[in-house]
Protein chains: 2
Amino acid sequence: MELTTAEENYLKAIYHLSDGGKKSVSTNDIAAEMNTKAASVSDMLRKLGEKEVIEYRKYYGLQITESGKRHALQTIRKHRLWEVFLVEKLNFAWDEVHEVAEQLEHIHSPLLIQRLDSYLNYPKFDPHGDPIPDEFGDVRSRPRVQLNEMEVDQTGQIVAVKDSSAAFLRYLDKVGAYIGARIKILDKVEFDGSLEILVDQKKTLFMSKEVACNILVLQS
Amino acid sequence: MELTTAEENYLKAIYHLSDGGKKSVSTNDIAAEMNTKAASVSDMLRKLGEKEVIEYRKYYGLQITESGKRHALQTIRKHRLWEVFLVEKLNFAWDEVHEVAEQLEHIHSPLLIQRLDSYLNYPKFDPHGDPIPDEFGDVRSRPRVQLNEMEVDQTGQIVAVKDSSAAFLRYLDKVGAYIGARIKILDKVEFDGSLEILVDQKKTLFMSKEVACNILVLQS
DNA sequence: TTTTATTTTTAGCCTTACCTAAATCTTGAA
DNA sequence: TTCAAGATTTAGGTAAGGCTAAAAATAAAA
Ligand SMILES: [Mn+2]
Ligand SMILES: [Mn+2]
Ligand SMILES: [Mn+2]
Ligand SMILES: [Mn+2]
């Protein structure tokens with residue numbers, strides 16, 4: 001069964017907001033995430049329910065079905081593979097890929113995505129550190145914590161970012177934070193949650209809590 | 001000014017049917033080319049007229065404008081660059097690329113297409129031998145004749161195909177005709193226009209007029 | 001247990017891009 | 001010059017995806 005571009009986008013949002021089907025999602029949450037209105041969401045939920053990619057009971061929220069998860073993961077897989085392609089092959093910066101990938105993820109061609117995966121050598125993570133589901137929808141996820149949740153003297157490695165906006169990513173470029181960087185918490189200010197961290201054993205960096213909670217770390 | 005996917009497709013069809021703005025095109029021609037109905041075409045022509053990519057006088061056909069030509073050539077450029085990418089980088093066969101390129105040509109991102117062009121080393125022709133317009137819309141076209149119009153003993157080189165359908169291209173693969181092949185007309189049957197040709201000085205091939213008129217040759 | 005605030009859905013409208021059927025224009029044949 | 005065939009456009013309708021405003025249901029507070 002084929003989904004339209006709009007349906008794929010809704011399903012992706014529902015998948016993310018529900019944390020892969022675990023949490024329940026509200027109509028208003030979806031509307032906020034998709035920059036649309038609650039009335040439009042209600043309409044779409046009815047359609048997605050008819051296509052059985054969600055289980056929908058009016059006024060009582062929704063549950064993503066197994067079929068829905070497969071569709072969502074397939075779209076996420078395509079999005080992230082294209083992002084890798086843009087960075088690795090076409091020399092895009094990591095803050096330039098998201099918008100284009102939002103378009104490319106809706107190209108329908110199983111052969112294309114299979115060949116792209118092989119051409120890129122079956123990458124496991126996208127340029128923002130997010131895991132790429134395999135062709136069966138399986139995701140190999142690593143245990144990650146938000147940088148703001150770490151304590152003084154703890155160490156780790158930056159493995160992903162939560163915010164993929166150009167503004168945030170360019171800020172990280174400027175201060176020298178990148179995926180793979182080894183870090184150590186030097187100081188944590190109680191008052192505002194801001195941090196002082198050591199990057200790659202040589203550079204110290206101050207950052208606000210707002211920045212820190214968008215950086216994901218693999219602790220060591 | 002931005003065009004929708006449907007508008008880009010209409011404009012491309014108009015550009016091709018009018019032979020780059022030279023010939024006049026009828027509503028029915030467009031409907032046939034696009035597998036749609038004349039009424040839908042009329043509707044779209046009005047819209048394209050309002051956007052000034054064509055000059056449209058009701059009942060008297062249309063003229064593609066300079067702006068319209070630029071848009072059409074841009075879409076054609078994207079289509080053909082993607083076809084090269086699919087064949088050169090992702091190992092698609094030349095009969096597998098057209099449908100996917102029909103989708104990819106509508107991705108909007110000037111940076112993407114500029115980088116793709118550079119990544120592919122600024123190719124001049126697509127896998128079917130069609131010229132790729134440069135970023136300014138300039139096309140370097142070669143003088144080509146249809147194989148069926150050649151006379152006995154004339155020689156040349158296959159440089160393009162007119163029909164990009166999988167059925168036709170797979171037939172050419174099977175009989176060993178390919179872009180770049182050197183050919184010589186050995187015999188031409190008056191009755192049905194069928195041909196006997198010599199390929200690469202070693203293999204003889206019989207083909208119907210219908211096949212021959214879809215093969216384009218650079219005469220030598 | 002009411003009442004109120006909030007969330008969600010429905011009703012009614014819009015645009016794009018299709019469709020069929022009917023009306024209208026152009027043109028070639030008589 | 002007239003008229004019918006053929007081409008084209010208009011009228012009216014559908015489906016997807018949006019919107020605002022109004023109605024209805026749920027959840028929270030009194
Ligand atoms: Mn992204
Ligand atoms: Mn990403
Ligand atoms: Mn093509
Ligand atoms: Mn081609």
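None of these values were measured; they are calculated from a predicted model. All chains are named by letter (A, B, ...) in the order of the sequence lines, taking the proteins before the strands, and each is independently numbered beginning at 1. When reading the values below, keep in mind they use all heavy atoms of this one structure, side chains included, and skip hydrogens, waters and symmetry mates.
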Could you tell me if A/Lys89 sits above the aromatic ring of A/Tyr119, with its cationic atom closer than 6.0 Å to the ring centre and no more than 45 degrees from the axis?
yes
Taking atom P of C/dT8 as reference, at what distance in whole Å does atom CG of A/Asn28 sit?
5 Å
Comparing B/Ala39 with B/Lys47, nearest DNA chain C nucleotide closer to 5' gives the residue B/Lys47
5′-ward residue of the pair A/Met44/A/Tyr59 relative to DNA chain D
A/Met44
Looking only at non-hydrogen atoms, find the nearest pair between B/Leu90 and A/Arg115 and report the distance.
O-NH1, 2.9 Å
Over how many whole Å does the gap from A/Leu45 atom CG to C/dT9 atom P extend?
7 Å
Looking across every strand, which nucleic acid part, if any, lies under 4.0 Å from A/Ala38 by heavy atom: base, sugar-phosphate, or nothing?
base
Ring-plane angle category for A/His128 and A/Trp94, please: parallel below 30°, perpendicular beyond 60°, tilted otherwise.
parallel
Presence of A/Thr4 side-chain N/O under 4.0 Å of D/dG17 phosphate oxygens OP1/OP2
yes
Would you kindly give the NZ-to-P distance between B/Lys51 and C/dT15, to the nearest whole Å?
14 Å
Given C/dC19, is OP1 or OP2 found less than 4.0 Å from the side-chain N or O atoms of B/Thr36?
yes
Could you state the atom-to-atom distance from CD1 of B/Ile30 to C1' of C/dC18 in whole Å?
16 Å
Measuring to OP1 and OP2 of D/dT9, would you say a side-chain N or O of B/Thr27 lies under 4.0 angstrom away?
yes
If you define the side chain from C-beta out and look only at heavy atoms, does anything of A/Met34 sit under 4.5 Å from A/Met44?
no
Is the distance from OP1 or OP2 of C/dC18 to the nearest side-chain N or O of B/Tyr10 less than 4.0 Å?
yes
Taking 4.0 Å as the cut-off, does a side-chain nitrogen or oxygen of A/Lys58 come that near to OP1 or OP2 on C/dT10?
yes
Can you see if the side chain of A/Tyr56 gets near the phosphate of C/dT9 - specifically, an N or O under 4.0 Å from OP1 or OP2?
yes
Find the distance A/Asp43:CG to C/dC14:P and express it as a whole number of Å.
16 Å
Check whether any side-chain nitrogen or oxygen of B/Lys37 sits under 4.0 Å from OP1 or OP2 of C/dT20, and answer yes or no.
yes
How many Å lie between CD on B/Glu50 and P on C/dA17, as a whole number?
12 Å
Can you find a side chain N or O atom of B/Ser40 that sits less than 4.0 Å from OP1 or OP2 on C/dC19?
yes
What is the distance from CZ of A/Arg46 to P of D/dG18, rounded to the nearest Å?
13 Å
Side-chain heavy-atom pair B/Ile197, B/Met207 within 4.5 angstrom cut-off
yes
